[in-house]
Amino acid sequence: MKQTIGSILKAKNNRKLTMITAYDALFARLFDGKADLILVGDSLNMSFAGEKDTLSATIEQMIYHTNAVCNGARNTFIICDMPFGTYTDEKIALENAIKVFRETGADAVKIEGGRSKAHIIKTLCDNSIAVVGHIGLLPQNFRSEGGYKVKGKDEENIKSLIEDAKAVESAGAFCIVVEGVKEEAGEAIAKAVNVPVIGIGAGVKVDGQVLVWSDMLGFFDEFTPKFVRKYLDGATLVKNAVESYKNDVENQNFPNENEKY
Ligand code: KIV
């Protein structure tokens, strides 16, 4: 059964939530009804479009991919990531989020940032747009911070992350993604708020996990972040399959008697 904001909130302290990214209908169909939530992440700019960071993703691309995912996963709660530069103030954020809600079947949008984005989250929630927060390591800060920096390494930073989580919750977010933090920080954040905290590289003591599908299924083989578990060696399977196909074509083993008109 498709999750709702109510059932997602109820999961807190009762069961762990599973979130996975998807960018197209083909894979979304395979994940449909298996994961609780599908995130159309702006990570698609890296794993799908081959860019080196997420920053050049546009709202039009996110809408295109969100529609594809909605077509494939009709029984799953779908979240569309708001890309870099599309929520710089309340007006711009509202225009872009309304565009996402009007032009796709997304159930919610996700916004990176803690206290500094609370006013934006509130504006969207006040206008009937459901919001997932995203705190900790923020991929959209990749250039401004000079790389991906793990957070929550000391007491002071953990306190600051807790303040971020509380601000995002008070602004109306029904769920918070926390990325790239020490496990103690993930645990402290999850304990500090009443909404589910979904971790990625945040240890096990949170309310659920999210992974990028192409990392988790091993299709992205350029590098594997420390926090990723590969549940399939997709890259090897695909490469071997294409090699077999090429061999069969060259040896005229494909097509055979049953594979022709
Ligand atoms: O874009 C994305 O895939 C994300 C996840 C890493 C949470 O934001």
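Any value given below was found using the heavy atoms of this structure, including those in side chains, with hydrogens, waters and symmetry copies removed. Counting starts at 1 for both ligands and their atoms, following the listed order.
Any N or O atom pair closer than 3.5 Å counts here, and T21 shares no such pair with ligand 1.
When each atom of ligand 1 is checked for a heavy atom of H134 under 4.0 Å away, the hits are 8 (O). Contact atoms of ligand 1 toward G41: 1 (O), 2 (C), 3 (O) (distance under 4.0 Å to a heavy atom of the residue). Here is the list of ligand 1 atoms found below 4.0 Å of a heavy atom in D81: 1 (O), 2 (C), 8 (O). Every atom of ligand 1 is numbered from 1 in the order shown, and the set under 4.0 Å from a heavy atom of E179 is 6 (C). Per-residue contacts place I200 under 4.0 angstrom from the following atoms of ligand 1 (heavy atoms of the residue considered): 6 (C).
Of all the heavy atoms of L44, none lies under 4.0 Å from any atom of ligand 1, so neither backbone nor side chain is involved. Of all the heavy atoms of T54, none lies under 4.0 Å from any atom of ligand 1, so neither backbone nor side chain is involved.
Side-chain N or O atoms of D42 include none that pairs as donor or acceptor with a backbone N or O of A57 at under 3.5 Å.
Residue E112 places every heavy atom at 4.0 Å or more from ligand 1. The shell of residues lying under 4.0 angstrom from ligand 1, judged by heavy atoms, includes K110.
In the model, T104 has no side-chain atom that pairs as donor or acceptor with a side-chain atom of Y64 under 3.5 Å.
Of the candidates L211, I20, N45, L39, the one placing a heavy atom closest to atom 7 (C) of ligand 1 is L39.
Salt-bridge formation is detected for the pair D36/R15: a Lys NZ or Arg NE/NH1/NH2 atom is positioned less than 4.0 Å from an Asp or Glu carboxylate oxygen.
In terms of heavy atoms, V204 sits closest to K16 at O-NZ, 4.2 Å.
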